[in-house]
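Comments concern the structure below.
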Amino acid sequence: MVYNPHEVEKKWQKFWVENRSFEPEENSEKEKKYVLSMFPYPSGRIHMGHVRNYTIGDAFARHYRQKGFNVLHPIGWDSFGMPAENAAIKNRVHPKKWTYENIDYMRKELQSLGLSFSKDREFATSDVEYTKFEQEFIIELWNRKILYKKRANLNWCPHDLTILANEQVIDGKCWRCDTEIVQKEMEQYYLRITDYTEELLGDLEKLPNWPSQVRIMQENWIGKSKGLKFRFKLEEKVGEIDNFSVFTTRPDTIFGVTYTALAPEHPIVSELLDTLPEEKRAWIERVRNTSNRERAMMDKEGIELGIFAKHPLTKESIPVWVANFVLIDYGSGAVMAVPAHDERDFEFAEKYGVEKVAVVFPKSGELPKDKAFTEDGILQNSGDFSGLTSSVARESIISHFEANALGEGVENYKLRDWGISRQRYWGAPIPLVHCDSCGTVPETNLPVALPDDVEITGEGNPLEKHPTWKHTTCPVCGEDAVRETDTLDTFVQSSWYQFHYTAKNPKEEAIGDTKYWGGVDHYIGGIEHAILHLLYARFFTKLLRDMGRVEISEPFNHLLTQGMVLKDGAKMSKSKGNTVDPDAIISEYGADTARLFILFTAPPTKELEWNDRGVDGAFKFLKRFVAKSENVDEVSEIPKFGELSKEEKFARRKVYEALNRADEVFGKSHTFNTLIAGVMEAINGLEKQQNRDIWTEGYWVLLNILEPIVPHIATELSEKFFGRRNFGIISTPEGVLEKDEISLGVSVNGKKRGEISVSPDTSKEEILKVAKETVHKWLDGKNIIKEIVVPNRLVNLVVK
RNA sequence: GCGGACGUGGUGAAAUUGGUAGACACGCCAGACUUAGGAUCUGGUGCCUCACGGUGUGAAGGUUCAAGUCCUUUCGUCCGCACCA
């Protein structure tokens, strides 16, 4: 038989579509498996990263179907977002048209890979039905006060009249028009993710099947730190304000405070602004207009406000500064500064000649002169706390503050509330209406759909500029009112899409039977989503749970983060010109070759270096495998065997070892490369013998193993020889894995000196006898002082 | 700076978790069969050595009968976060 991938692949892809082969069963008694690869953004064409992502997921899905599970393996489209608007600007094509044409094209591309997706459950997040369900959630979140409005500083491009995300600001300039970005205070919508901080942090421990790397990244992102929060009383009131609070993780250094510093946005600064000399005011304004990211690159700078606060313990007078390194949205936007024990404070104090007071000293050695001593040590010059170690002092000082009502031990987090409004057209409208008499109220007539007749120029928000869209009536009082023109961050859509797939009709139901389908059993995607998407989806799951919509707290039971696909050592990208087009590979070699290469070349979590020769090797393997079918007979069950030769037994053993490895690989290690290697070993074993029954049995089993990996050719061969009866659970015959003879390495003093072959039931004494004969040359004239026999492994003789 | 991962042949990688290092492939070498086929098949292939043998998992130590695997130090590569008080 000659391998003709294109014919075979076309045939089975057609068959699968016509037979609706991959729809999950309803009301099934079977155990479920939910396999999901992260859905793609419909950018136009699939790339090798997609091929890898969906091949891995498909292998899981097909494996579990064979094992008798009811498998949900869906696909959808993350179809809102900026690229559609950029395409609209560049090519004067409507975002909707561009998006849905891309989806149609990419759907065909994915189909050509033979992926076993449910057709019924496919949807795009820009579908108006999806928008409607999402808006219902958003309104409930608004009513529950999880969604709220607040003013905040944002990156504003004065030319394009739009807010930019941090990653769209390049060197302080707009990525599109190169205009200097300013910070603009605007009203934005936020989701109160900080209400769930502790749960998001604590539940990471309930995710043992997530890579620890991802859990650690989320933990760092949440950024919990423990410390002391206390107030500095101002010596004179500023307006109505007579104090400000600070947070420190180093209460043990509190006697070393020589100044305090406020963020430029701090209320005290705003209150004093008009009274300050022109140059100081200008400096504050300038820093306020600088993004956090840029502030981080600036030198430490500040100005003295001319006001003083009282140290809570020493009662000394402490000057109050404004500094560019103090962030308004962490802690309370103010810090106590200890230049002797903090690098930033040190740098600042050096620059402005502020005094440094050392209060923590190293347990051994000298205090450094040219830098801050930031490690723990022993306290001195610290009143009653002198002599304590830093860690003890931290506890005692916090207790002292609490006992005297001066402050309290608190936990602080880096995680901020999630800003979800975007001033863009191609997104889900926030379904709120602003009414002069009723305030901001939810729209009752959902969905709030996007208007089609828009002009997209990149300047301003097209919804804002639309002549009629935003004008509506108040759903409460019926008077004229204005729609919210912000749309939702696209991460909102991808935070709950995994539940939408459980709906058997995605147009009618937001969420289906999650009692049955529960969380995703295998979630596969790129490590680049380690924080944002995966954190937001975890958050949204908890929200939906609290709204009574799902029964679970975590959406993804098992997470597999795939490595990147590289070419010539670098990530494939158009700008580098090192891309490999999946369509070209499929038309040259077929989908099965592409799938086999991708799974064989590297374990899925590692980077995969694309290698044309390797692809060729995968193709050759399939060709050779198909050619070997000449040794196989058509049967409807596995042949039975009597006495077998050594080679025949070896071949059978290799075949069943591969079968057992399949369970290990799909269930635990996910190293498909070793599974394929096992299949290759089995074929090499089969080739060393001529028994047609052994070949037939081997083919029966190996096709079963290979079907999740190379489904088209495996199904074709299975149909031809076995009527596809071999796609199910195959048990391992008793004794087939046993060896007649085992080989043991023989070492003397840990160095390998020989090898022996014995039958597995050979006694330890006999093994030692043979071993000693084999390596007698190394034993002559020496005394054996220890004999170690490791069953099935080796013999080690220790001599002197 | 902080956090994490990883260093094994010419290349991609294995190694049942402390037990015969380099499975399985790619490449390369030799041969066979062919005559234009994406060829195929057989054998060989860590390094040094004609060989006996020696040596070998980034480097250096250590623990152990035994270390790619555990510990210490060190060098290098990659990733994430980064003025978080």
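Lettering of chains follows the sequences in order, A, B, ..., and the numbering in each one begins at 1.
One donor-acceptor pair, N or O on each side, does fall under 3.5 Å between the base of B:U20 and the side chain of A:Ser743.
At a threshold of 4.5 Å between non-hydrogen side-chain atoms, the residues A:Leu559 and A:Pro211 count as touching. Residues A:Met336 and A:Ile254 form a side-chain contact, since some pair of their non-hydrogen atoms from C-beta on lies under 4.5 Å apart. Within the 4.5 Å cutoff, the side chain of A:Ile585 has no heavy atoms near those of the A:Asp581 side chain.
The partner of B:C26, taking Watson-Crick or G-U wobble pairs whose two distances both stay under 3.5 Å, is B:G10. Base pairing of B:C41 is made with B:G31, judged by Watson-Crick or G-U wobble geometry with both donor-acceptor distances under 3.5 Å.
In this structure, the nucleotide among B:A14, B:C84, B:G3 sitting nearest to the side chain of A:Leu327 is B:C84. Of the candidates B:A13, B:G19, B:C24, the closest approach to any side-chain atom of A:Asn796 belongs to B:G19. For A:Ile531, whose side chain is taken as the heavy atoms from C-beta onward, the closest listed nucleotide among B:A85, B:G80, B:C84 is B:G80. Ranking B:A85, B:A21, B:A13 by closeness to the A:Thr249 side chain, first place goes to B:A85. For A:Met217, taking side-chain heavy atoms from C-beta onward, the closest of the listed nucleotides B:A85, B:C65, B:G80 is B:G80.
Looking at heavy-atom distances under 4.0 Å, A:Ile216 makes contact with sugar-phosphate atoms alone, never a base. Using a 4.0 Å heavy-atom criterion, one finds that A:Glu755 contacts the bases of the nucleic acid, with or without backbone contacts as well. A:Met298 comes within 4.0 angstrom of a base, heavy atoms only. As judged by a 4.0 angstrom heavy-atom cut-off over every strand, A:Phe621 is placed among residues making no nucleic acid contact. Contact annotation for A:Val790: base contact, defined as any heavy-atom pair under 4.0 Å involving a base atom. Heavy atoms of A:Asn611 sit nowhere under 4.0 angstrom from any nucleic acid atom. Contact annotation for A:Arg344: base contact, defined as any heavy-atom pair under 4.0 Å involving a base atom. Residue A:Ser225 is in sugar-phosphate contact alone, with no base atom involved, counting any heavy-atom pair closer than 4.0 Å across all strands shown. Residue contacts shown for A:Val746 are absent, as no nucleic acid heavy atom lies under 4.0 Å away.
The phosphate of B:A85 (OP1 or OP2) has no side-chain N or O of A:Asn412 nearer than 4.0 angstrom.
Of all heavy-atom pairs spanning A:Leu744 and A:Asn792, the tightest one is CD2-C, 3.5 Å.
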Can you give me the N/O atom pairs linking the protein to nucleotides 51-62 of chain B at distances under 3.5 Å, or say none if there are none?
unit_1 : atom_1 : unit_2   : atom_2 : d
B:G53  : OP1    : A:Lys777 : NZ     : 2.7
B:G54  : OP1    : A:Arg753 : NH1    : 3.1
B:G54  : OP2    : A:Arg753 : NH1    : 3.0

Close N or O pairs between protein and nucleotides 36-38 of chain B (under 3.5 Å):
unit_1 : atom_1 : unit_2   : atom_2 : d
B:G38  : N1     : A:Glu588 : O      : 3.2
B:G38  : N2     : A:Glu588 : OE2    : 3.1

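In this structure, a donor-acceptor pair under 3.5 Å is present between the side chains of A:Gln562 and A:Asn53.
B:G18 and B:A66 have their C1' atoms separated by 8 Å, with the value rounded to a whole Å.
With the nearest nucleotide of RNA chain B identified for both A:Arg661 and A:Gly614, A:Arg661 has the one nearer the 5' end. Where A:Asn684 and A:Pro603 each meet RNA chain B at their nearest nucleotide, the meeting point lying more 5' is that of A:Pro603.
At least one cation-pi condition fails for A:Arg215 and A:Trp210: the charged atom is not both under 6.0 angstrom from the six-membered ring centre and inside a 45 degree cone around its axis.
Taking syn as a glycosidic angle within 90° of 0, B:U17 qualifies as syn. In B:G9 the O4'-C1'-N dihedral to the base is within 90° of 0, which defines a syn nucleotide.
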